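Only a predicted model underlies this, so the values are computations on that prediction, with no experimental measurement involved. We use all heavy atoms of the structure for the numbers below, so side chains are in, but hydrogens, waters and symmetry mates are not. A note on names: the letters A, B, ... follow the listed sequences, proteins ahead of strands, and every chain is numbered from 1.
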Amino acid sequence: MAYWLFKTEADAFSWDQQKQRGAKGEPWSGVRNFQAAKNMKAMKKGDFGFFYHTGDERQIVGIVEVIGEYRKDPTDETGRFGLVDVKAVKDVPKPVTLAAIKADPAFADMVLVKYSRLSVQPVTDAEWKRICKMGGL
DNA sequence: GCCAACGTTGGC
DNA sequence: GCCAACGTTGGC
């Protein structure tokens, strides 16, 4: 079991939209970065991920589950990039802000802090547990 | 709205 | 295959 973090602008694709997709989930299309694609390739069905709103909010608002493993992204004309399918699992009752994460030394090495621009990131077991706790889960 | 960081592209 | 130029991202 591995953990991940999916970043999105609330304007482009929000947590509310993800929840509306229900059990069918949503293809995480549009990633055009090799490192992010590599992370998606490593995902297995049943892995969980944080759903992070960037932009004005900058906080983790939900939990998603990987329901479809890496496949070609039909929106990529070059055919180089792929996507996974994710479905909403639950809300994070108390959204965990970037500020709160940065303020905690336990997250000093977290990808979200060190390489903030990466859109699909790995999350360690320890980070996952700690953030769930902070989020009231 | 600015700027730093960094990934990608294209010329050589 | 290197590297400069450029574009984009995202935090502040």
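- When the P atom of C:dG11 is taken as reference, atom CG of A:L112 falls 7 Å away, rounded to whole Å.
- Distance, A:D11 CG to C:dG10 P: 13 Å, rounded to whole Å.
- In this structure, the CD atom of A:E57 is 15 Å from the C1' atom of C:dG11, given to the nearest Å.
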When the side chains of residues 23-32 of chain A are checked against the rest of the protein, which donor-acceptor pairs come out under 3.5 Å, sequence neighbours left out?
| residue | atom | partner | partner atom | Å |
| --- | --- | --- | --- | --- |
| A:E26 | OE1 | A:R21 | NE | 2.7 |
| A:R32 | NH1 | A:D73 | OD2 | 3.1 |
| A:R32 | NH2 | A:T75 | O | 3.0 |
| A:R32 | NH2 | A:T75 | OG1 | 3.0 |

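- At least one side-chain nitrogen or oxygen of A:T54 sits closer than 4.0 Å to the OP1 or OP2 atom of C:dG11.
- Side-chain to base pairing of A:R117 with C:dT8: one donor and one acceptor N or O lie within less than 3.5 Å of each other.
- Per the geometry, CZ belonging to A:R32 stands 14 Å off P belonging to C:dG10, to the nearest Å.
- Pairs passing the ring pair (Phe, Tyr, Trp, His ring centres under 6.0 Å) check and including a residue from residues 107-137 of chain A, sequence neighbours excluded, read A:Y3-A:W128, A:F50-A:W128.
- Proximity note for A:N33 (side chain, C-beta onward) versus C:dC12, B:dG7, B:dT9: the nearest is B:dG7.
- One interatomic measurement links the two molecules: CD of A:Q121 to C1' of B:dC6, which rounds to 14 Å at whole-angstrom precision.
- No donor-acceptor pair closer than 3.5 Å links the side chain of A:H53 to the backbone N or O of A:I60.
- Closest to the A:Y52 side chain, of the nucleotides B:dT9, C:dG11, B:dC6, is C:dG11.
- Of all nucleotides listed (C:dG10, B:dT9, B:dC6), B:dT9 comes nearest to the side chain of A:R80.
- With A:I67 as reference, A:D85 is the one residue of A:D47, A:V84, A:D85 to meet the side chain to side chain contact (heavy atoms under 4.5 Å, CB included) rule.
- C:dG10 atom C1' lies 15 Å from atom NE2 of A:H53, rounded to whole Å.
- Judged by distance alone, with hydrogens and angles left aside, the side-chain atoms of A:K7 form a donor-acceptor pair with the main-chain N or O of A:S116 at under 3.5 Å.
- Taking atom OH of residue A:Y115 and atom C1' of nucleotide C:dG10, one finds them 17 Å apart after rounding to whole Å.
- Within the 4.0 Å cut-off from OP1 or OP2 of C:dG10, not a single side-chain nitrogen or oxygen of A:K114 is found.
- In this structure, A:K38 atom NZ and B:dT8 atom P are separated by 12 Å, rounded to whole Å.
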